[in-house]
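Step one of this worksheet: look at the structure below.
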Amino acid sequence: MKVIELHQDQTELIALAASHNRQAQQKIYSKFAPKMLSVCRQYVRDIHHAEDLMITAFMKVFANLKNFENKGSFEGWIRRIMINECLSYLRANKNISFIDDEFVKEESFNNIESGLSVDDIQFLIDSLPDGYKVIFNLYAIEGFKHKEIAELLGINEGTSKSQLSHARKMLQEQLNKQKNYEYGTE
């Protein structure tokens, strides 16, 4: 049995994990699982389903480690696999649909300073229809461009923009309702 050093170079760790070294795979899993569960949770409301998807995606990570070329971020590579796994799950369960709406009104949204916790924000995002939620997450959280989102989801670029606009509008309305409720104006 090989012993993995505590401060082992990531490239060596990846190579060991690619050769099916369970300790190396465990070390990678332990390092990235909390962040990746958070990524999966962004797309799937139920924490148990999100965890199942994360584990399935990690199996794909380990099966495809030989394809990682050590170019760019390893965490980003893993994150992409997680996102793709979540999107595949949502498509397979027909949980996402997109309205082919080319009309997009670009609105500016003020950054609202609020006392919202991360859980409150996640609750607001979870309340979006799944199509809006996916586009919002890909654009606002993951930093994808509309062209990339359109290619990833097989939709028009205008549809991506429209879905994002609708998602932002819904979130803004929810924040305004909450603000009015807090100040007793509703």
Side-chain angles (χ1 to χ4, degrees), residues 32-54 56-57 60 72-73 75-186:
F32 293 106
K35 277 187 182 175
M36 296 307 128
L37 180 58
S38 177
V39 169
C40 293
R41 177 60 188 82
Q42 285 291 319
Y43 294 89
V44 180
R45 285 180 180 90
D46 184 277
I47 187 70
H48 301 294
H49 283 121
E51 190 172 25
D52 289 345
L53 288 166
M54 179 197 66
T56 301
K60 290 181 180 181
S73 164
E75 182 178 332
W77 183 78
I78 293 173
R79 185 181 200 97
R80 185 71 177 232
I81 293 170
M82 296 291 156
I83 292 168
N84 287 334
E85 188 64 26
C86 291
L87 294 177
S88 293
Y89 167 80
L90 291 170
R91 274 192 213 105
N93 291 297
K94 298 182 181 13
N95 289 346
I96 57 173
S97 61
F98 303 100
I99 300 166
D100 213 6
D101 185 2
E102 293 292 328
F103 174 75
V104 179
K105 180 182 175 190
E106 286 295 325
E107 299 178 32
S108 65
F109 292 92
N110 298 329
N111 289 337
I112 297 177
E113 283 296 321
S114 70
L116 294 177
S117 70
V118 172
D119 288 338
D120 292 338
I121 294 168
Q122 184 62 55
F123 178 79
L124 291 174
I125 294 171
D126 281 343
S127 69
L128 293 171
D130 287 324
Y132 292 178
K133 179 180 173 181
V134 167
I135 300 288
F136 181 82
N137 283 329
L138 289 171
Y139 186 86
I141 309 293
E142 303 297 338
F144 284 76
K145 305 283 185 234
H146 287 294
K147 184 176 182 177
E148 295 171 308
I149 294 169
E151 290 170 6
L152 185 64
L153 299 175
I155 59 175
N156 294 324
E157 194 172 333
T159 301
S160 176
K161 291 177 181 179
S162 173
Q163 299 285 297
L164 177 64
S165 178
H166 292 305
R168 285 178 168 169
K169 184 177 179 185
M170 284 183 79
L171 288 171
Q172 187 73 43
E173 288 170 358
Q174 291 172 343
L175 287 170
N176 288 339
K177 280 182 185 177
Q178 183 172 357
K179 187 177 171 183
N180 289 340
Y181 179 77
E182 288 174 4
Y183 293 116
T185 58
E186 189 170 274

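As the structure is a prediction and not an experimental result, all values here were calculated from the model.
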Exercise for the section: For side chain to side chain contact (heavy atoms under 4.5 Å, CB included), just list the numbers for Ile81 and Trp77, CA-CA rounded to whole Å, side-chain angles, deciding distance to a tenth of an Å, and then say yes or no. Expected result: CA-CA 7 Å; Ile81 293 170; Trp77 183 78; 3.8 Å; yes
Quiz item: Would you say the side chain of Gln42 lies within less than 4.5 Å of the side chain of Lys133, judging by non-hydrogen atoms?
Solution: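 No; the side chains remain at least 4.5 Å from each other.
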Mind checking the [atom1]-[atom2] spacing from [X] to [Y]? Nearest 0.5 Å is all I need.
X	Y	atom1	atom2	answer
Ile78	Ser73	CD1	OG	8.0 Å
Leu164	Lys161	CG	NZ	10.5 Å
Leu153	Ile135	CG	CD1	5.0 Å
Lys145	Glu157	NZ	CD	11.5 Å
Glu142	Tyr43	CD	OH	4.0 Å
Phe32	Arg79	CZ	CZ	11.5 Å

Give me the atom names and distance for the closest heavy-atom approach of [X] to [Y].
X	Y	value
Asp130	Arg45	OD1-NH1, 2.8 Å
Met82	Met54	CE-O, 3.7 Å
Ile149	Ile155	O-CG1, 4.5 Å
Ala50	Leu37	C-CD1, 3.9 Å
Leu128	Met170	CD2-CB, 3.7 Å
Ala150	Asn156	CB-C, 3.8 Å

Notebook entry, point to check: Between the main-chain N or O of Asp52 and the side-chain N or O of Thr56, is there a donor-acceptor pair closer than 3.5 Å?
Noted result: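 Indeed, once roles are kept as given, a pair shorter than 3.5 Å links the two residues.
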Original post:
Would Leu53 and Met36 satisfy side chain to side chain contact (heavy atoms under 4.5 Å, CB included), going step by step from the backbone distance to the final call?
Top reply: CA-CA 10 Å; Leu53 288 166; Met36 296 307 128; over 6 Å; no
- Item | Contacts of type side chain to side chain contact (heavy atoms under 4.5 Å, CB included), residue Asp46, not counting sequence neighbours |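 Asp46: side chain to side chain contact (heavy atoms under 4.5 Å, CB included) contacts with His48, His49.
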| Partner residues of Leu152 under the side chain to side chain contact (heavy atoms under 4.5 Å, CB included) criterion, sequence neighbours left out |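 Leu152: side chain to side chain contact (heavy atoms under 4.5 Å, CB included) contacts with Arg80, Asn84, Leu87, Leu138, Phe144.
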| task | Step by step, work out the side chain to side chain contact (heavy atoms under 4.5 Å, CB included) result for Lys169 and Glu173. | result | CA-CA 6 Å; Lys169 184 177 179 185; Glu173 288 170 358; 3.4 Å; yes
Passes side chain to side chain contact (heavy atoms under 4.5 Å, CB included), Ser162 versus His166? Steps please.
CA-CA 6 Å; Ser162 173; His166 292 305; 3.3 Å; yes
